[in-house]
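The next block holds one structure in the form of structure tokens; read it before the comments.
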Amino acid sequence: MEKRLPDDLPTYRDATTPSSVPLPTWINRRRRRRGFRVLATACLVFLAFSAYQIANNTRKPTSTLSIQRLHQDHAVCAALRRKPAQVSAARDHNKRWVKGTKPLLIRNATVWTGEPAAGTSESDARTGKGWSWILSDVFVDKGLIVDLRPSISPRSLPSDTSIFEAHGRLLTAGIVDMHSHAGLSSEGGLQDDTNEMSADITPYVRSIDGVDPLQPEMEYIKSGGVTTSLFLPGSGNNMGGEAYVLKFAVGEKNGREEISQQDLYADPDRNWRYMKMACGENPKRVYGKVGEHGPVSRLGEAWEFRHALEQAQKYVREQDDWCTSADAMGAENMATYLKQDLQWESLGAVLRGQVRINTHCYTIPDLEAFVRHTNEFKFRVYAFHHAHQTFLVPEVLKRAYGGTPAAALFADNMYYKVEAYTASERAGAHLYAHNITPTYVSDNPVLNSQHVVFEAAKAYGNGLPYHAALAGVTSAPADLLGLGDRIGKIKTGFDADIVVWDSDPLTAGAAPVQVWIDGAAQFKDPYELNKSDPEPITPNTNLASELEMTSVPGSVVFAGISYAYPGISRGKSHKEQHVDNTSAVFHNGKLICLGTCTGEIEAARSTNAPVVQLENGHLTPPLTAFSTTLGLAEIDSEPDTHDGPPPNDGITRATDGLLFGGKQLAHAYAHGVTRAISAPNENGFEAKGVSVGFRTGAKHVLEENAVWADEVALHYVLTLAAKGKTTVSISAAIANLRGKLLDAVNDNSTVTDVPTKDVYAEKTYLKRVVNGTLPLVLAAHSADTIASIIRLKSTIEHAISKATSSPDEPNLRLVVIGAAEAHLVATELAAAKIAVILAPLQPHQGSWDQKRCLTGAPLTNGTTINWLLDAGVLVGISVEETWETRDLGLLAGIAYANSEGRLELNQSLDLVGKNVHKALGIHKADVSNSEEWVVWEGSPLEIGGRVRAISGLGGRMDVWQ
């Protein structure tokens with residue numbers, strides 16, 4: 001029985017057993033309301049929690065980026081969007097002007113302003129109309145050209161104005177060379193910072209970081225009138241890096257306050273930036289390694305360009321997207337910094353249009369590929385450099401993005417590699433005729449920038465209009481550099497970069513009298529050559545016509561001969577060089593009459609012989625090229641086109657390796673160089689072996705009179721090139737030669753005409769040298785080496801005297817070629833009766849053994865040739881590189897123009913003919929069984945002188961018409 005709990009409390013069963021009695025209605029209603037309230041509360045809690053979560057998920061996290069740096073990055077966006085533009089506002093001073101530089105008045109100058117006369121139409125200006133030299137004064141202050149008009153009164157100028165009396169001399173803007181590596185390699189080539197060779201694509205390196213303002217070339221380049229250059233990295237890389245436009249004023253002596261790279265900037269604000277790129281042989285030769293890395297082909301180069309530009313394009317887009325977002329949201333709200341990467345910064349600037357691209361590019365495939373790159377990636381190339389084949393594809397250039405690029409050219413430096421083998425001296429004229437701008441450059445040290453104006457002069461001689469040729473080294477490169485509003489012209493408001501010349505700058509031998517940069521004179525006590533009153537040349541429009549050669553049989557008459565080389569006599573004896581009313585009549589290649597020649601002309605006319613009317617005809621002997629690779633090498637950098645190098649031991653004969661039919665010989669011949677004496681070598685005049693005398697116009701070695709001397713001279717090298725694995729020093733080379741010569745003196749064997757192996761042995765030729773029957777030619781530049789040669793000659797001659805006991809003086813015929821420092825021992829050379837062949841005529845410090853050379857006025861009192869002439873040394877002229885042989889007449893012209901009366905015209909011609917033969921003991925009969933003559937229109941010593949006929953080989957007359 002269940003026990004009852006106290007106070008009638010229910011039992012457990014009672015509490016847990018359902019009751020069958022229903023609850024009251026109000027109790028159920030209360031329970032439902034309570035449930036709804038709980039549910040509603042739960043819903044509210046859930047909604048609140050969800051809102052909290054959503055808020056938490058969208059709340060900006062706390063930023064760790066620097067607000068200051070974000071704003072700095074945003075400020076960079078403005079620089080990224082900046083578009084360079086020429087400044088049109090007038091300047092009250094040149095930012096390069098150094099306070100304390102006095103005002104300057106140049107009085108009585110003959111000025112080339114660099115612009116046609118006001119009102120000249122563009123079409124007329126292109127043909128040369130409206131251009132002229134004007135008589136004017138030039139007033140300069142605060143680094144600017146302030147006034148340009150005749151008869152400026154000094155009393156109207158500041159009291160401290162310096163006055164320079166020009167005496168009518170010619171005045172131009174400073175020369176602008178838009179391709180130079182000056183200051184990037186050292187004196188004598190001892191070190192080099194021209195190329196960064198760690199990678200093919202290096203747009204991020206900068207030429208300014210390697211420029212040495214103290215290099216001597218900074219001074220002698222300026223002595224040629226060059227005031228501004230584009231200092232480029234080299235062409236070893238497809239993308240070589242940034243370039244800088246610099247001026248050549250350095251330090252206090254040049255009117256500057258400091259010596260620094262920064263002080264050289266032509267534009268202190270650096271409105272424009274510049275970059276060097278390169279196509280073709282150089283990059284693939286330097287970087288290509290088959291199976292490892294490229295480029296090894298032009299295909300690979302195109303990929304390298306496109307891939308790099310693609311990376312730069314992505315870089316630019318990322319930057320642009322960031323800047324756009326920062327503009328919209330505010331820099332402080334950006335989640336990242338602006339992307340900035342030095343590797344792509346400069347190439348990104350290219351795609352933004354802030355960099356002027358200059359590209360080393362020769363061939364049609366390279367040119368056309370690069371034009372495609374410009375269109376694919378939307379950037380502009382401003383000039384193709386070297387650009388030998390541009391004249392063939394003007395329409396390709398016109399397809400380049402953003403505008404037609406110019407061509408930065410050499411005038412006639414060609415054939416040195418495959419890319420340069422298709423080329424033309426008339427490229428500039430052809431391009432100009434197609435409305436493409438030619439400019440002329442040095443690629444210093446490839447050519448000495450001191451003489452870059454000579455390139456423009458030769459371009460004029462090859463048909464480029466006079467005004468365009470002069471613009472090609474002044475206003476045209478200034479425009480291409482984006483500095484055409486401040487340099488390149490003589491105009492008010494322009495930088496006072498000024499040159500006063502001793503003669504027309506487009507004539508052979510022109511040199512500055514004084515140079516100013518930013519109004520500061522650059523030479524304290526300049527040497528001025530004694531020349532006649534300067535007059536600008538009258539532009540010769542006939543040079544625009546291209547002449548073609550044809551071989552003419554029978555008779556040819558040339559009327560209008562105004563100069564005949566002394567001693568020529570056919571039908572009329574004469575002593576005067578300059579003649580009037582003279583004709584020259586040739587028959588079957590022989591000169592049969594020089595004079596009025598009435599009967600001979602009538603006889604020629606009766607056979608319908610051509611009569612060539614000349615305006616200023618010159619009749620001269622042919623020119624002779626000495627100790628070059630002419631006839632032994634065709635393309636300098638391609639061994640397969642060479643005979644090959646001379647052996648280390650023993651010697652060879654050049655006659656056994658002659659190569660006819662090439663472009664080098666053809667162009668030498670077309671410039672009046674019909675004779676050549678070449679010795680085994682691969683490096684210009686530095687030869688070893690036995691030289692041969694031959695005719696450049698011959699078809700092959702077996703043609704009659706093709707080779708006029710199988711053995712001319714024995715050659716050895718005593719320049720720096722003499723040092724090698726087997727000969728470790730110059731002294732060793734001299735000792736070796738001395739020993740060989742002494743052995744020859746004491747060799748009692750006789751030289752026979754019987755053909756044996758020994759007849760062609762080195763010792764046999766040395767025996768002929770000491771016997772006086774074969775000249776010895778030694779290549780040397782250093783005055784110290786030349787002094788040792790003089791002592792060597794004395795030693796050998798003394799040994800000969802002792803060995804022979806002959807009362808006659810030994811006849812050791814010795815010639816020095818090269819001779820850059822020969823002026824230092826000129827008197828001793830004359831006393832030793834040693835002839836000198838200068839190669840080059842105008843040396844510079846390209847190698848250590850030339851470091852004491854004379855670079856000429858206004859820096860030095862003349863050049864080596866004047867010192868040698870004064871000492872009585874027999875002198876001739878040769879060249880360093882084979883392509884230069886075509887310029888032998890002009891080089892003789894430079895010597896003539898700058899000789900200050902030491903040379904007559906015929907004596908100047910002898911420098912590249914008779915004197916060379918005399919130095920080698922060559923007699924006229926040794927060279928030819930018949931006389932050879934060259935007929936010129938104009939003087940062969942002057943720009944614009946052109947060969948019109950050559951006689952003497954095979955009985956034919958080659959005529960250019």
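Treat the numbers as computed from the prediction; the structure is a model and nothing was measured.
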Main-chain N/O of V452 paired with E455 side-chain donor or acceptor, under 3.5 Å: no

Salt bridge (charged side-chain N to carboxylate O under 4.0 Å, His left out) partners of residues 839-852, not counting sequence neighbours, each pair once: D784-R852, E821-R852

T374 side chain to A400 backbone, donor-acceptor under 3.5 Å: no

Closest heavy-atom pair and its distance - V176, P477: O-CG, 3.5 Å

Within 45° cone and under 6.0 Å: R206 NZ/CZ vs Y204 ring: no

Modelled atom types, side-chain donor and acceptor of D263 and S260, under 3.5 Å: no

N/O donor-acceptor pair under 3.5 Å between E528 side chain and P526 backbone: no

Expected output: side-chain D518 to main-chain D497 donor-acceptor under 3.5 Å: no

Near-ring test H385/H179, centroid separation under 6.0 angstrom: yes

Min side-chain heavy-atom separation L480-M178 under 4.5 Å: yes

Side-chain donor/acceptor of Q522 to backbone N/O of W516, under 3.5 Å: no

Heavy-atom closest pair, residues S235 and A278: O-CB, 3.7 Å

F410 and Y440 aromatic centres sub-6.0 Å: no

Salt bridge present between D887 and K458 (N-O < 4.0 angstrom): yes

Backbone of Q845 reached by a side-chain donor or acceptor of Q850 within 3.5 Å: no

Check: S207 side chain, L232 main-chain N or O, donor-acceptor pair, under 3.5 Å: no

Donor-acceptor under 3.5 Å (T359 side chain, C361 main chain): no

Main-chain N/O of G236 paired with N195 side-chain donor or acceptor, under 3.5 Å: yes

Pair H386-Y416, ring-ring contact (aromatic ring centres under 6.0 Å, His included): steps then yes or no: CA-CA 12 Å; H386 305 310; Y416 46 87; 7.3 Å; no

Aromatic ring proximity F248/F231, centre distance under 6.0 Å: yes

Salt-bridge criterion met for R273 and E345 (N-O under 4.0 Å): yes

Centroid-centroid under 6.0 Å between H360 and Y362 rings: yes

Nearest non-hydrogen partners of H181 and P445, listed with the distance: CB-CD, 4.4 Å

